[in-house]
Amino acid sequence: MADKRIYLSSPTMHGEEQQFIKEAFDTNWVAPLGPNVNAFEQEMADYAGIAHASALSAGTAAIHLALKTLGIGEGDVVLVSSLTFSATCNPIVYEKATPVFIDSERDTWNMDPAALERAFEKYPDAKAVIVVHLYGTPAKLDEIMEICNRHQVPLIEDAAESLSSTYKGKHTGTFGRVGIYSFNGNKIITTSGGGMLVSEDEEITKKATFLATQARDPARHYQHSHIGYNYRMSNITAGIGRGQLLHLEEHKALKKAIYSQYKKAFVDILEITLNPMNPDGDANCWLSCMTIAKGCSVTPDMIMDALEKENIESRPIWKPMHLQPVFEGYDFITATGSKLDGQDGESVSQDIFGRGLCLPSDIKNTPEDMEQIIRIVRKCFGR
Ligand SMILES: *Cc1c(COP(=O)(O)O)cnc(C)c1O
């Protein structure tokens with residue numbers, strides 16, 4: 001087995017990060033507040049083209065505070081993409097609200113507007129929608145926004161995977177009432193761990209920052225009229241983020257080049273389809289993924305095993321939330337049926353999960369690494 005491991009998506013540092021960290025040390029701003037935190041918020045807001053931002057300890061914390069600031073609480077129904085990472089929907093359950101999972105469409109793999117429409121028919125009192133831009137591909141935002149607006153329900157965008165992706169020229173994360181980004185270690189830029197909540201509404205970001213800093217009322221003594229959290233980003237990690245942000249567009253270009261290279265390399269293998277792009281968007285191609293044609297004898301496991309044998313990391317598609325044991329009791333809505341009505345059948349998200357995998361998409365892959373990955377995948381198909 002090769003000594004060098006090829007990763008799915010690992011951190012890529014540049015140098016400026018250390019400068020910002022050094023400044024923080026030199027000025028002793030080693031705290032969950034400070035000049036890097038304020039500057040990172042401003043720089044992220046400027047980059048994404050949105051008015052306000054609140055820097056937090058994780059993307060998950062940002063989703064949690066998005067729900068809190070919108071007043072989501074016990075018993076409220078939240079309509080959420082099923083094909084995603086569990087961090088999207090765990091915070092709904094933190095608040096004792098009720099997730100209802102929505103199936104994907106095939107064009108972008110994201111929330112199916114037709115299924116969302118059906119979900120509103122069944123749950124007319126739903127209080128919020130959380131849409132995910134999976135693997136960096138923007139969802140059908142026009143359709144989803146139209147439905148949310150018609151039902152007067154706020155949209156939360158989980159743009160954890162899609163920072164730098166745009167839809168009709170505007171950044172994902174800036175369409176909903178609240179948007180969230182993640183800077184976890186495997187995301188397109190990282191602070192080792194961190195997140196950001198963004199909104200056009202300053203009331204929302206102010207409230208998020210307030211709740212993230214233990215909800216201290218303005219008083220000399222420690223006075224509290226809300227339950228608070230310790231969710232603020234530290235001035236050290238914000239320094240890493242400022243350095244990374246300088247290279248975000250460069251990372252995006254490299255991720256897109258990886259996707260293009262896979263696309264070209266597998267063009268003659270009709271059994272392989274890469275994850276879809278949205279023609280109305282410009283995706284960051286955070287992870288390049290593929291599905292295998294129905295009826296083909298090659299399975300995702302066979303490809304993942306062949307790669308792992310050469311010390312190359314790959315991963316299944318996210319297992320849909322409606323198939324997770326922990327979320328078993330919750331409803332799932334497809335374009336044609338509903339789990340609780342006993343007629344969900346085979347859903348689009350389950351089908352993608354069953355036939356798909358994520359390919360190594362690390363921007364530090366050398367041309368030789370890419371050739372090796374491609375050779376191994378092609379061999380699985382007898383090419
Ligand atoms: C990574 C991720 C999150 C969570 O972000 P953290 O910063 O790891 O808490 C949420 N949603 C999706 C879709 C993600 O991929």
Side-chain angles (χ1 to χ4, degrees), residues 7-11 32 40 44 53-68 78-94 99 101-102 104 108-111 128-139 141 144 155-165 172-173 175-176 178-198 208 212 229-234 237-238 240-241 244-245 251 255 275 283-289 315-322 324 326-327 349 352-353 356 358 361:
Y7 289 102
L8 195 72
S9 181
S10 71
F40 188 36
M44 273 290 295
S54 173
L56 303 169
S57 56
T60 312
I63 295 169
H64 189 191
L65 294 186
L67 294 167
K68 297 282 302 182
V78 178
L79 309 175
V80 57
S81 305
S82 182
L83 190 58
T84 185
F85 178 49
S86 63
T88 304
C89 52
N90 281 335
I92 300 170
V93 180
Y94 299 167
F101 299 109
I102 310 295
S104 297
T108 76
W109 289 7
N110 292 305
M111 180 180 277
V129 173
I130 307 180
V131 67
V132 180
H133 305 294
L134 202 71
Y135 301 123
T137 298
L141 280 166
I144 289 168
L155 177 68
I156 298 170
E157 277 182 277
D158 179 349
E161 301 178 0
S162 69
L163 175 60
S164 79
S165 299
T172 57
F175 287 81
V178 189
I180 78 96
Y181 300 114
S182 165
F183 311 109
N184 205 337
N186 61 3
K187 296 301 194 307
I188 190 160
I189 61 169
T190 183
T191 61
S192 75
M196 189 86 67
L197 180 152
V198 298
Y229 300 86
N230 185 2
Y231 277 174
R232 194 71 164 135
M233 182 180 278
S234 98
T237 52
I240 306 176
Q244 286 272 287
L245 188 54
H251 286 199
K255 292 274 191 191
N275 59 311
N284 68 5
C285 299
W286 171 57
L287 293 185
S288 292
C289 309
R315 187 162 72 190
I317 298 294
W318 298 127
K319 182 175 178 178
M321 292 301 114
H322 74 279
Q324 301 287 353
V326 70
F327 296 122
S349 51
I352 294 167
F353 168 64
C358 306
S361 310

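Ligands are counted one by one from 1 in listed order, and the atoms in each one are counted from 1 as well.
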Check whether any side-chain heavy atom of [X] lies under 4.5 Å from a side-chain heavy atom of [Y], and answer yes or no.
| X | Y | value |
| --- | --- | --- |
| Thr88 | Ser81 | no |
| Ile180 | Leu56 | no |
| Tyr229 | Leu65 | yes |
| Val93 | Phe327 | yes |

Which protein heavy atom lies closest to [atom], and at what distance to 0.1 Å?
| atom | result |
| --- | --- |
| atom 1 (C) of ligand 1 | Lys187 NZ, 1.7 Å |
| atom 5 (O) of ligand 1 | Ser182 OG, 3.2 Å |
| atom 11 (N) of ligand 1 | Asp158 OD2, 2.7 Å |
| atom 15 (O) of ligand 1 | Glu161 OE2, 2.6 Å |
| atom 8 (O) of ligand 1 | Asn184 ND2, 2.7 Å |

Atom pair [atom1] ([X]) and [atom2] ([Y]), whose distance is rounded to the nearest 0.5 Å:
| X | Y | atom1 | atom2 | result |
| --- | --- | --- | --- | --- |
| Lys255 | Trp286 | NZ | CH2 | 7.5 Å |
| Asp158 | Thr84 | CG | OG1 | 5.5 Å |
| Ser57 | Asn230 | OG | CG | 7.0 Å |

**Asked** Just distances here: any N/O of Gly59 and N/O of ligand 1 closer than 3.5 Å?
**Response** yes

**Nitrogen or oxygen atoms of Trp318 and ligand 1 under 3.5 Å apart** = no

**Request:** Could you tell me if any non-hydrogen atom of Ala61 lies under 4.0 Å from any atom of ligand 1?
**Result:** no

**Prompt:** By number and element, which atoms of ligand 1 are closer than 4.0 Å to a non-hydrogen atom of Ala87?
**Reply:** 3 (C), 4 (C), 10 (C)

**Request:** Go through the side-chain N and O atoms of Asn184 and Ser182 and say whether any donor and acceptor fall under 3.5 Å apart.
**Result:** no

**Item:** Side chain, backbone, both or neither: Thr60 near ligand 1, heavy atoms under 4.0 Å
**Value:** both

**Residue portion contacting ligand 1 (non-hydrogen atoms closer than 4.0 Å) for Ala160** = side chain

